[in-house]
Amino acid sequence: MSAQSIRDTLVRAGYEFVQLEPRIPDAKASWSPDVVAWAADAGGTLVPWAVVETKKQYAAVQPEAGLPALARARDLLGTVDHYVVVNDTEWFRADPGIQRLERVDGPIPPPNGGEGEITDVDLASSLISEDLWKTAFRARDRGAPVVDYVWADAQLTHGGLRTATGARLPITNEVLWQASRRSIVDFERRSKEAGIYTSPKVVAQAVAQLAGPRLTWDLLDPFCGAGSFLWEAIDYAQEHRTGLNTVLGYDINVRTAEVARAIGNAAPVPVEIVAADALSADLPLSTCVVSAPPFGLRVPEHHELLDGSSTRDGDLIVLDRILRLLGSGGRAVLHMPVGVTFRSTGEQYRRFLASRFRIAAILGLPSGAVAGTGIRSVLMVIDDAPSTDTFVAQLGEDWESQLAPGGAALEAALAHIDGPRP
Ligand SMILES: C[S@@+](CC[C@H](N)C(=O)[O-])C[C@H]1O[C@@H](n2cnc3c(N)ncnc32)[C@H](O)[C@@H]1O
């Protein structure tokens, strides 16, 4: 309760956003300041401005005992104003060097105002997470079904992130985009109702690089999950100004599609997410398709493949579906189970693919690249183009560094696929 009354005092003094015992990324896990109040700096950006250490006064304890913690907070957070509050009511302000304390009536109002623009992704993520958990608990108390993703629209349409005091602080689109992805996926992973699977970030980033120059207009992921392939591709397209204009994702799971839609709302390009079966829905042809389709899908009926053969092999059916969605001259970058490259049932179909498409690259990944399973997998790059040599590599234990931006295997694959990049 005491920290709460200090928070109220700070809010009355003009601070809009006050954190109690916030986690400090660079500090040892065991330490956090008692109270941090954020305010605008001279440029209008929201920064940690004031820190408060609380003390109960007993005979042997002086307010000065709070000075070392204030100095530590200043070093970690760059705060400007520092206080010790004794017995919840007596305020002491530190001098700029945090050597001495002076008794004051209360906190000095923030000189540039308490409302500033959020530019810090960590802060934005923690605000969104706080909001998500609160909404989840409220929904649970009412017996309502889980989380209402309407909040995501609200964040955007009301022009800011909601703080615990109810204030809305403006946020840059870029920060909202990065923070939404982080906090929503993290929330989903930790919530009881979770069931979504997200591809490892390094795989999603490699897929974006491999798609790279083909991210020129429209992008489709027919099995998008929480959408990480789409989001990394959008980041690539923004950074390299490739002209990506329309992003479309499908997922058969309604809740997973909601998660992707909530994230997509904050994206810097228009994103549409549809909850539907990508095997039967009417999907548009696309210049670029990225996807980690479900592995080993059980399909009750035979499907006819592009070469005229018929199969119930779910992996081949999914691959065939994706290639049918590829527009003229388009590119597919796929994360598939390794079986599609050697299983005997697919031999005839593979021969057909090698003659009809350009299988530009196959990168074999060891088990571990599909979280929670021992399945080995491949990254495949397939162009709607005349066939040429295929770049083939089998990655080992160090697959993550090989696939990371600048990694040897990724660079070699990129050089083969599209030639040297500027
Ligand atoms: C491997 S996950 C995709 C993960 C995604 N790359 C990510 O990082 O978030 C495959 C997704 O395909 C979805 N799925 C399975 N069958 C589907 C179908 N017939 N149509 C559309 N989506 C389907 C699953 O719900 C699952 O979310």
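Both counts, for ligands and for their atoms, begin at 1 and track the order of listing. Quantities reported herein were computed from a predicted structural model and do not represent experimental measurements.
- Applying the side chain to side chain donor-acceptor pair (under 3.5 Å) test to every pair with at least one member in residues 36-48, sequence neighbours left out, gives these pairs: Q19-W38.
- For atom 22 (N) of ligand 1, the nearest non-hydrogen atom from the set I263, I252, D277 belongs to I252.
- For D34, the side chain to side chain contact (heavy atoms under 4.5 Å, CB included) partners are E53, T54, not counting sequence neighbours.
- Across G314, S280, P294, G225, heavy-atom proximity to atom 16 (N) of ligand 1 is greatest for P294.
- With a heavy-atom cut-off of 4.0 Å, A260 does not touch ligand 1 at all.
- At least one heavy atom of P222 sits closer than 4.0 Å to an atom of ligand 1.
- Using a non-hydrogen distance threshold of 4.0 Å, C224 registers as a contact of ligand 1.
- If you check which protein heavy atom lies closest to atom 8 (O) of ligand 1, you get S228 OG, 2.4 Å.
- Of all the listed residues (T256, D251, T198), D251 holds the heavy atom that lies closest to atom 27 (O) of ligand 1.
- The closest approach between any non-hydrogen atom of G227 and ligand 1 is below 4.0 Å.
- With hydrogens left out, the protein atom closest to atom 1 (C) of ligand 1 is A292 O, 3.2 Å, a heavy atom.
- Within the listing of ligand 1, atoms 20 (N), 21 (C) sit less than 4.0 angstrom from a heavy atom of A276.
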